[in-house]
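See structure below.
Order of the sequence lines fixes the chain letters, A, B, ..., with proteins taken first and strands second; residue numbering starts at 1 for each chain. As the structure is a prediction and not an experimental result, all values here were calculated from the model. Because only heavy atoms are used, hydrogens play no part in the values below, and waters and symmetry mates are left out as well, while side chains stay in.
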Number of protein chains: 2
Amino acid sequence: MKTDNNAPKTLNGSTAESIREKILQGEFLPGQRLSEATLSESLSISRNTLREAFRLLSQEGLLKHEPNRGVFVATPSVTAIIDIYRARRLIECQALQLAYPHHPAKSLMRDAVEKALRLQTERNWQEVGTCNMEFHMAIVQMADCERINQMFSRIMAEQRLAFCSLPPEQLHAPYVEQNAAILELVEAKKFTEAAAMLNDYLLLAERSVLSTYSRYVGEGS
Amino acid sequence: MKTDNNAPKTLNGSTAESIREKILQGEFLPGQRLSEATLSESLSISRNTLREAFRLLSQEGLLKHEPNRGVFVATPSVTAIIDIYRARRLIECQALQLAYPHHPAKSLMRDAVEKALRLQTERNWQEVGTCNMEFHMAIVQMADCERINQMFSRIMAEQRLAFCSLPPEQLHAPYVEQNAAILELVEAKKFTEAAAMLNDYLLLAERSVLSTYSRYVGEGS
DNA sequence: AATCTATTTTTGTTGAACAATATGGCTCTA
DNA sequence: TAGAGCCATATTGTTCAACAAAAATAGATT
């Protein structure tokens, strides 16, 4: 087993990683403008290096680059949320149908569900959300497709960004049991039923997120 | 109708566009190393600007960035081709199943098929290949999902890159009729059958490409 | 209040410089 | 001859200072 040495080897790479983290951690808020002068000084790096990191993150969808105006933390709009859930339904449900009985990702699903159940009793919603993401990431891994995995993790990062503007409380709570139910169907090798349930799950989640979103935020661009 | 002003407004953006074009046109060959000093001089731009363009294209998958070694035109390996076709089957077939009768993308499919049939008689394989790509792009657009469209066009760019190393002759020829048959099923609103046929089509295409590939190229990394 | 102009700020781009890392060739040794 | 270590070289990574170009701001004019 090789150590997955994914650590960035260049300064612009590690800078991108650091900014990515700050965005997902909520330190940089959606819509916020990131000034080259200010940020490069506060990170003690040159403007050029920072700009390279910006290009990396823009292509990932976490930053939005407006020529001659600056880079901004992406602000998921209502249409973006709809689009994200549409992509998720397409990818996740199909991945689940392509699954086979003893796929290694199944244990990842189980781990995620059990961990979520545990953390739910502690009311640790932040971590429950992470488990939920891991669960769905595991579903996608069933398709055994590297490119799909990669695009999906980007989509989930974008969605996580949308959640930043929302109250974290019960957003994930009702879904832990749903995940458990889906896992049960998978373990019973009823892949088609599992996919159908997942589809309903995602439709419901979308409606819930959208209504919460429109209550807390005005309108997306 | 607004003019889709997609033209890059910055030099690093237009540089990326220009390099992208040269890669897809075969001017830059897979595996080739792009020297910062040489390229920046031949394009009459500064190294820093070129590096920003490199970061853009690396994230698109057209270039591979190896820290401290340089950037190389991506070289699709056998495993990459397998992965690409797996992603295509997942996305395209599902998009086709999600289609509805009067979707605007259907006319795009028809245009692509008719144009391909015309160009086929002229033995213009280069353009036939482009039509084939447009046909499959149109299929994906049936899903009405911007993020899926975007990732798919990246995947197709990567595949086109793989085709650069291959003789262009009959790679697309037998598929024009297949596309026409799929279109017919779609127009007859038999979406599930169309998806099934597309799946077979892609499995066959994968086998064909792989055998051609292994005949012309040794082994991927 | 709205428009235009001038000022200021910020981004875009450049060139030179140096540090850090890989490359290639060299010698030395076994 | 094959391989290990070492040096010179080339390339990438990063910084800095400067200026051009575009956008944001403020002020003056109508």
Side-chain angles (χ1 to χ4, degrees), chain A residues 2-3 5-23 28-75 221, chain B residues 2-3 5-23 28-75 221:
Chain A
K2 60 183 170 188
T3 60
N5 202 341
N6 225 1
K9 299 219 165 352
T10 65
L11 184 54
N12 62 66
S14 62
T15 301
E17 175 63 33
S18 146
I19 296 176
R20 195 189 344 254
E21 213 54 41
K22 285 182 181 168
I23 292 175
F28 292 151
L29 297 172
Q32 180 178 349
R33 174 163 154 275
L34 301 184
S35 151
E36 293 183 2
T38 308
L39 235 187
S40 65
E41 196 194 2
S42 89
L43 294 176
S44 305
I45 62 176
S46 87
R47 258 184 74 211
N48 287 332
T49 302
L50 179 61
R51 282 172 64 88
E52 288 190 26
F54 278 171
R55 295 303 168 273
L56 265 329
L57 294 169
S58 304
Q59 288 293 82
E60 278 182 37
L62 283 177
L63 294 183
K64 186 163 171 45
H65 174 53
E66 299 185 21
N68 288 312
R69 295 205 53 238
V71 299
F72 303 80
V73 179
T75 61
S221 62
Chain B
K2 60 182 169 187
T3 61
N5 204 340
N6 225 1
K9 299 221 163 353
T10 65
L11 184 54
N12 63 66
S14 62
T15 300
E17 175 64 32
S18 146
I19 296 176
R20 193 188 345 248
E21 213 55 41
K22 285 180 182 169
I23 293 176
F28 292 153
L29 297 172
Q32 180 179 348
R33 172 162 155 276
L34 301 184
S35 152
E36 292 183 2
T38 307
L39 235 188
S40 64
E41 196 194 1
S42 90
L43 294 176
S44 306
I45 61 175
S46 88
R47 259 183 74 212
N48 285 326
T49 302
L50 178 60
R51 283 173 63 88
E52 288 189 25
F54 278 171
R55 296 303 168 272
L56 264 332
L57 293 169
S58 305
Q59 288 292 80
E60 278 182 36
L62 283 177
L63 294 182
K64 186 161 170 46
H65 175 49
E66 298 186 22
N68 288 312
R69 296 204 53 236
V71 298
F72 303 80
V73 179
T75 62
S221 63

Subject >> Close side-chain approach of Leu62(B) to Phe28(B), heavy-atom, < 4.5 Å >> reply: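 No. Closest side-chain heavy atoms not under 4.5 Å.
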What's the spacing between [X] [atom1] and [Y] [atom2] if we round to 0.5 Å?
X        : Y        : atom1 : atom2 : result
Leu56(B) : His65(A) : CG    : NE2   : 8.0 Å
Leu29(A) : Thr75(A) : CG    : OG1   : 12.0 Å
Thr49(B) : Asn48(A) : OG1   : CG    : 8.5 Å

**OP:** Output yes when Arg55(A) and Glu52(A) qualify as a salt bridge under the 4.0 Å nitrogen-oxygen rule, no when they do not.
**Re:**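 Glu52(A) and Arg55(A): not salt-bridged.
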Original post:
Taking all atoms of both residues into account, what is the closest heavy-atom pair of Ala16(A) and Ala53(A), and its distance?
Top reply: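 Reported closest heavy-atom pair: N-CB, 3.8 Å.
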**OP:** Can you see which heavy atom on Ser14(A) is nearest to which on Pro8(A), and at what distance?
**Re:**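 Looking at all heavy atoms of both residues, the shortest contact is N-CB, 3.4 Å.
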Original post:
Looking at residues 46-56 of chain B, who's got a heavy atom less than 4.0 Å off DNA chain D?
Top reply: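 Arg47(B), Asn48(B), Arg51(B), Arg55(B), in order of number.
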Original post:
Got a sec? Which of residues 61-73 of chain A come in under 4.0 Å of DNA chain D, heavy atoms?
Top reply: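 Those residues are Asn68(A), Arg69(A).
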Original post:
Name the one of Asn12(A), Leu11(A), Ile19(A) that satisfies side chain to side chain contact (heavy atoms under 4.5 Å, CB included) with Leu50(A)?
Top reply: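 Among Asn12(A), Leu11(A), Ile19(A), the one that satisfies the side chain to side chain contact (heavy atoms under 4.5 Å, CB included) with Leu50(A) is Ile19(A).
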Original post:
Should we say atom CD of Glu66(A) is surrounded by more than 12 heavy atoms from elsewhere, each under 6.0 Å from it?
Top reply: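 Counting other residues, nucleotides and ligands, CD of Glu66(A) exceeds 12 neighbours.
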Subject >> Enclosure of Gln32(B) CD (heavy-atom neighbours >12, cutoff 6.0 Å) >> reply: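 Atom CD in Gln32(B) is packed in, count exceeds 12.
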Quickly work out the [X] [atom1] to [N] [atom2] distance and round it to whole Å.
X        : N       : atom1 : atom2 : value
Leu11(B) : dT11(C) : CG    : C1'   : 14 Å
Glu41(B) : dG15(C) : CD    : P     : 11 Å
Asn12(A) : dA20(C) : CG    : P     : 16 Å
Ile45(B) : dT13(C) : CD1   : P     : 9 Å

Original post:
Taking 5' to 3' order, which nucleotide of DNA chain D is first and which is last to have an atom within less than 4.0 Å of a heavy atom in chain A?
Top reply: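 Contacts span dT14(D) to dA24(D), reading 5' to 3'.
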